[in-house]
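First listed ligand is number 1; within each ligand, the first listed atom is number 1.
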Amino acid sequence: MRQKIVAGNWKMNTSIAQGKELVHGILDRMAEVPQDVKLIVAPPFTHLYPAAAALEGGAVGLAAQNCANHESGAYTGEVSAAMIESVPCQYVILGHSERREYYGETDETLLSKIKLALSHHLIPIFCIGEVLEERESNMHFQVVSSQLREVLCNLSPDDFAKVIVAYEPVWAIGTGKTATSEQAQEMHAFIRSFLAETFRELAENTPILYGGSCKPSNAAELFAQPDVDGGLIGGASLKAEDFIAIAKAFI
Ligand code: PEP
């Protein structure tokens, strides 16, 4: 049985006070969340420490949205995997399309970030996905397989076994346009079979999350697909009621 996961990527939103309110809004509703669903929140760096205190190492996991690709040193403005581990935090989102597009993150950088994260006991939530032109020109499988080949396929089986994958078609992120459940299932099944070529049966246990305008009204249909193990949620994770409604969408 693969872990069911709903992770909230807050991006660059909320003040510390708003972040605290959001965490408490989630904690107050935890009794509604099925026991077999793991919730993770990914606030901005400045919010991690107070969020960790509020979460008190309980059922809700804590993720950073990025980490540096160096262990430590003269890298002004960067935050290392060791620092994130020390918060304490358990997860880190890596390879989000906004980081790839606006901050020039390459497969090579991402491989070094993933290795550093794993060496600091952080579980990477590794994001992949195609842009609209790639989907329209039928290149989406090629794009996604290349993102997997250049990064995850270079990990040892032990390291790979810890990774969570998030398929996020870039054309669906923050656009209100969601992949259909058929498109999501088709790609998730492709990702799993591609990973199985390198990692054999380990790929059966890899949680593959869907991301891209997932909300309470479409989560159930997406999560009902056999290879969709949950969601990475942007906009809808900023409202506790919506985030919890999504977590309740598993059948
Ligand atoms: C995201 O950025 O990871 C995301 C899925 O955003 P949204 O849900 O807002 O499309």
Show which atoms of ligand 1 fall inside a sub-4.0 Å distance from at least one heavy-atom site of G174.
7 (P), 9 (O), 10 (O)
Check whether any heavy atom of A236 sits under 4.0 Å from an atom of ligand 1.
no
At less than 4.0 angstrom from any non-hydrogen atom of G211, what atoms of ligand 1 do you find?
5 (C)
For A172, is the nearest heavy atom under 4.0 Å from an atom of ligand 1?
yes
Protein residue, atom and distance nearest to atom 1 (C) of ligand 1, heavy-atom basis
H96 NE2, 3.2 Å
Donor-acceptor pair, side chain of N13 and main chain of W10, under 3.5 angstrom:
yes
Pairwise side chain to side chain donor-acceptor pair (under 3.5 Å) hits with a residue in residues 196-207, at least two apart:
R2-E204
Using a 4.0 Å heavy-atom cut-off, which part of N9 comes near ligand 1: side chain, backbone, both, or neither?
side chain
Nearest non-hydrogen protein atom, atom 3 (O) of ligand 1
E168 OE2, 2.7 Å
With atoms numbered from 1 as shown, which atoms in ligand 1 lie under 4.0 angstrom from a non-hydrogen atom of G235?
7 (P), 8 (O), 9 (O)
Heavy-atom count around E241 CD within 6.0 Å, excluding the residue itself: above 12?
yes
For T175 and ligand 1, does the shortest N/O to N/O distance drop below 3.5 Å?
no
Atom CE of M139: over 12 foreign heavy atoms under 6.0 Å:
no
How are the rings of Y167 and H188 set relative to one another: parallel (under 30°), tilted (30 to 60°) or perpendicular (over 60°)?
perpendicular
Among all protein heavy atoms, pick out the one at the shortest distance from atom 2 (O) of ligand 1; state its residue, atom name and that distance to 0.1 Å.
K11 NZ, 2.5 Å
Count the heavy atoms of every other residue, nucleotide or ligand shown that sit under 6.0 Å from CD of E108, and state whether that count exceeds 12.
no
Tell me whether the count of non-hydrogen atoms from other residues, nucleotides or ligands lying under 6.0 Å of NZ in K20 goes above 12.
no
Hey, is ligand 1 close enough to I233 that some N/O pair sits below 3.5 Å?
no
Best match, G8, G234, C127: closest heavy atom to atom 7 (P) of ligand 1:
G234
Is there a polar contact, in the sense of an N or O pair closer than 3.5 Å, between G212 and ligand 1?
no
Is there a heavy atom in K215 that sits closer than 4.0 Å to ligand 1?
no
Is it true that, when you exclude K239 itself, more than 12 heavy atoms of the residues, nucleotides or ligands shown sit nearer than 6.0 Å to its NZ?
no
Side chains of residues 36-54: which donor-acceptor pairs under 3.5 Å do they make with residues two or more places apart or in other chains?
residue: D36; atom: OD2; partner: K4; partner atom: NZ; Å: 3.0
residue: K38; atom: NZ; partner: A59; partner atom: O; Å: 2.8
residue: H47; atom: NE2; partner: T14; partner atom: O; Å: 2.9
residue: H47; atom: NE2; partner: T14; partner atom: OG1; Å: 3.2
residue: H47; atom: NE2; partner: S15; partner atom: O; Å: 3.2

